[in-house]
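Notes for the one structure printed next.
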Amino acid sequence: MTRYGLLILPATNRVYARSAIDLTRAELEIFGRSALDGRIGELDTEVVGGASYVTFTGDGLTERDLAVLGNLSAGYALFEIVGELLRPIEWSRLDRYDDDLLTIQKYPGKTNEQFTKLLLNVTLLASDWAGELTSRRFRVLDPLCGRGTTLNQALMYGFDAAGIERDQKDVEAYRAFITTWLKQKRIKHRVLESGPVRRERKVVGRRVRIELAPTREEHKAGRTQLLDVVNADTTRSAEFFRPETVDLVVADAPYGVQHGSRTADHGLTRDPLALLADAAPVWARLLRPGGALGISWNTHVASRDDAAAALADAGLTVVDAEPYRALRHRVDQSIMRDVLVARRPA
């Protein structure tokens, strides 16, 4: 049985960095169970030369397995442990664009990029298509997309990305960023739609749709991605996206500290449960059977049991395996963040 050491990616957020080891162990166990047929075992933590490693055993990891593990949210480098030596292992990632797509935006309240990737990963790994991480073009919806951190991670993976956001300033800021970034990077793209959406002569929202590809050759061959962002309330998502057309719904819910959440029925509230009660049934209808929904929220304003009940009431099955219960971590003194993942039954 081969033993490996995973070097953790340095985190710019010092608080998140303190949680990175435990989160990586949980994420690695989820990868092993869902995408690697249970061939990851004996997880531990070890300090080598002053650096922290997550160690594990792997039974005959293939090139495909290494391509899967290359997408661990905090994975920096992988080594085979041979006695007292570390032998570098070459692995690959899905990343299709420069990493500044994820890092260049800076604004108050932005979700940590490593955590965004983790949330997307564990949601995908709960779906019926976990084994297709490196081969399937998933369609990801962030129904609380803000300024697009999750959308950018989905694009980085080569997926189609859709988002809905009530705050027009956030949508405009994201539209300005992504169109400028695409032009500056000289990435082949085409703006399919940009402006107000009208129905019965009334403006019901604003929308930007962009077709893009990482190379001209892929664009010419029709291997394009679609970015689709709507400025409207999340409870109206079904007005803009057809039922059963989304593989994954991924959302970082408002924390109820710096800002609240708003729903049509409850108005402005600091309670994410009201948001889930109104919106989760809408989100669930957009999921394909076998798809998964992942949401993070502040446990100081809503308990895990209550949040799980809201997802169950929407017809979803909460994934409650042990590693999924080990994703709770501190963000700051007023935010303890947890993750819930649920599936739409096939």
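Worth saying up front: this structure is predicted, and the values here are computed from it rather than measured.
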Legend entry - Side-chain ion pair, E29 and R25, N-O less than 4.0 Å: no

Inset, instruction - Calculate, to the nearest 0.5 Å, the distance between atoms CG and CD belonging to L287 and E244 respectively. - result: 9.0 Å

Legend entry - Pair T55, D44: side-chain N/O donor-acceptor within cut-off below 3.5 Å: no

Inset, instruction - Return yes when atom NZ of K110 has more than 12 non-hydrogen atoms of other residues, nucleotides or ligands closer than 6.0 Å, and no otherwise. - result: yes

Legend entry - side-chain contact (heavy atoms from CB on, under 4.5 Å) partners for L226, two or more places apart: D160, L192, R209

Legend entry - Rounded distance (nearest 0.5 Å) linking atom CG of D22 with atom CG of L327: 10.5 Å

Inset, instruction - May I ask you to list the residues sharing a hydrophobic cluster with V191, side-chain cutoff 4.5 Å, ordered by chain and number? - result: Y97, L101, L102, I104, L151, L155, M156, V171, Y174, F177, I178, W181, L182, I187, V208, I210, L212, L227, V229

Inset, instruction - Taking N231 for its side chain and E165 for its backbone only, find out whether a donor-acceptor pair lies under 3.5 Å. - result: yes

Inset, instruction - Answer yes or no: is there a donor N or O on one side and an acceptor on the other, between the side chain of D233 and the main chain of T235, under 3.5 Å? - result: yes

Inset, instruction - Taking the side chain as every heavy atom from C-beta outward, state whether L119 and T150 have any pair of such atoms under 4.5 Å apart. - result: no

Legend entry - Step-by-step side-chain contact (heavy atoms from CB on, under 4.5 Å) determination, Q153 to F159: CA-CA 9 Å; Q153 180 58 60; F159 301 163; over 6 Å; no

Legend entry - Derivation and outcome, side-chain contact (heavy atoms from CB on, under 4.5 Å), residues L7 and L86: CA-CA 11 Å; L7 181 62; L86 298 175; over 6 Å; no

Legend entry - Contact summary for A326 and L23, nearest pair of heavy atoms: O-CD2, 4.2 Å

Inset, instruction - Ignoring hydrogens and angles, tell me if any N or O in the side chain of T57 forms a donor-acceptor pair with the backbone of G41 under 3.5 Å. - result: yes

Inset, instruction - Could you tell me which residues satisfy side-chain contact (heavy atoms from CB on, under 4.5 Å) with S92, sequence neighbours excluded, listed by chain and number? - result: A67

Inset, instruction - Considering non-hydrogen atoms only, spot the tightest contact between L36 and R64 and give its length. - result: CD2-NH1, 3.7 Å

Legend entry - Reported CD-to-CZ distance for the pair E42 and R3, which is rounded to 0.5 angstrom: 8.5 Å

Inset, instruction - List for me each residue that meets salt bridge (charged side-chain N to carboxylate O under 4.0 Å, His left out) alongside R39, sequence neighbours excluded, and say none if there are none. - result: D65

Legend entry - side-chain contact (heavy atoms from CB on, under 4.5 Å) partners of A232, counting only residues at least two apart: I164, V230, R236, F240

Legend entry - Flag side-chain contact, heavy atom, 4.5 Å: L61 against Y4: yes

Legend entry - Side-chain donor/acceptor of R137 to backbone N/O of T224, under 3.5 Å: yes

Inset, instruction - Evaluate the criterion side-chain contact (heavy atoms from CB on, under 4.5 Å) for residue pair F241 and D228; output intermediate values, then yes/no. - result: CA-CA 10 Å; F241 305 107; D228 187 353; 3.6 Å; yes

Legend entry - salt bridge (charged side-chain N to carboxylate O under 4.0 Å, His left out) against R199, all qualifying residues, sequence neighbours excluded: E239

Inset, instruction - Sorted by first residue and then second, give each ring pair (Phe, Tyr, Trp, His ring centres under 6.0 Å) pair with at least one member in residues 301-327; sequence neighbours left out. - result: none

Inset, instruction - Measure from the side-chain N and O atoms of W91 to the backbone N and O of L69, and report whether any donor-acceptor pair falls under 3.5 Å. - result: no

Inset, instruction - Heavy atoms only: give me the nearest I40-G32 pair and the separation to one decimal. - result: CG1-CA, 3.8 Å

Inset, instruction - Would you indicate whether the side-chain heavy atoms of L276 and I295 approach each other to under 4.5 Å? - result: yes

Inset, instruction - Applying side-chain contact (heavy atoms from CB on, under 4.5 Å), run through T134 and V68 and close with a yes or a no. - result: CA-CA 7 Å; T134 60; V68 168; 4.0 Å; yes

Inset, instruction - Using a strict 4.0 Å threshold on nitrogen-to-oxygen distance, state whether E172 and K169 make a salt bridge. - result: no

Inset, instruction - For the pair R93 (side chain) and G70 (backbone), establish whether a donor and an acceptor sit closer than 3.5 Å, ignoring hydrogens and angles. - result: yes

Legend entry - Connected via hydrophobic side-chain network under 4.5 Å: Y107 and I335: no

Legend entry - Side chain proximity check, R206 to Q168, heavy atoms < 4.5 angstrom: yes

Legend entry - For S303, side-chain hydrogen bond (donor to acceptor under 3.5 Å, both in side chains) partners two or more places apart: D306

Inset, instruction - Any chance you could measure E217, atom CD, to K188, atom NZ, to the nearest 0.5 Å? - result: 11.0 Å

Legend entry - For the student: nearest non-hydrogen atoms of A251 and L144, plus distance: CB-CD1, 4.1 Å

Inset, instruction - Spell out, as yes or no, whether a donor-acceptor pair under 3.5 Å connects the side chain of S34 to the backbone of F31. - result: no

Legend entry - Qualifying side chain to side chain donor-acceptor pair (under 3.5 Å) pairs, either residue in residues 279-288, two or more places apart: T234-W283, D247-R288

Inset, instruction - Using a cut-off of 6.0 Å, state whether more than 12 heavy atoms not belonging to Y76 lie near its atom OH. - result: no

Please table the atom pairs, donor to acceptor, closer than 3.5 Å between any side-chain atom in residues 124-132 and protein atoms at least two apart or in another chain.
| from | atom 1 | to | atom 2 | distance (Å) |
| --- | --- | --- | --- | --- |
| S127 | OG | L124 | O | 2.7 |
| S127 | OG | W129 | N | 3.2 |
| D128 | OD1 | R343 | NH2 | 2.2 |

Inset, instruction - Would you indicate whether the side-chain heavy atoms of H189 and K183 approach each other to under 4.5 Å? - result: yes

Legend entry - Nearest atoms (heavy-atom pairs only) where S73 meets L9: O-CD2, 4.3 Å

Legend entry - Atom pair CZ (R304) and CG (D338), whose distance is rounded to the nearest 0.5 Å: 4.5 Å

Legend entry - Hydrophobic cluster membership, M336 vs L340, 4.5 Å side-chain cutoff: no

Legend entry - Pairwise ring pair (Phe, Tyr, Trp, His ring centres under 6.0 Å) hits with a residue in residues 327-346, at least two apart: Y16-H329, F115-H329

Inset, instruction - Take atom CZ of R223 as the centre, draw a 6.0 Å sphere, and report whether it contains more than 12 heavy atoms from other residues, nucleotides or ligands. - result: yes

Legend entry - In one Ile/Leu/Val/Met/Phe/Trp/Tyr side-chain cluster, 4.5 Å: L293, L273: no

Legend entry - From CD1 (I21) to OH (Y53), nearest 0.5 Å: 11.0 Å

Inset, instruction - May I ask you to decide if N71's main-chain N or O and N121's side chain share a donor-acceptor pair within less than 3.5 Å? - result: yes

Inset, instruction - Could you tell me which residues satisfy side-chain contact (heavy atoms from CB on, under 4.5 Å) with P243, sequence neighbours excluded, listed by chain and number? - result: none

Legend entry - Which atom of G294 lies closest to which atom of T123, heavy atoms considered: CA-OG1, 3.3 Å

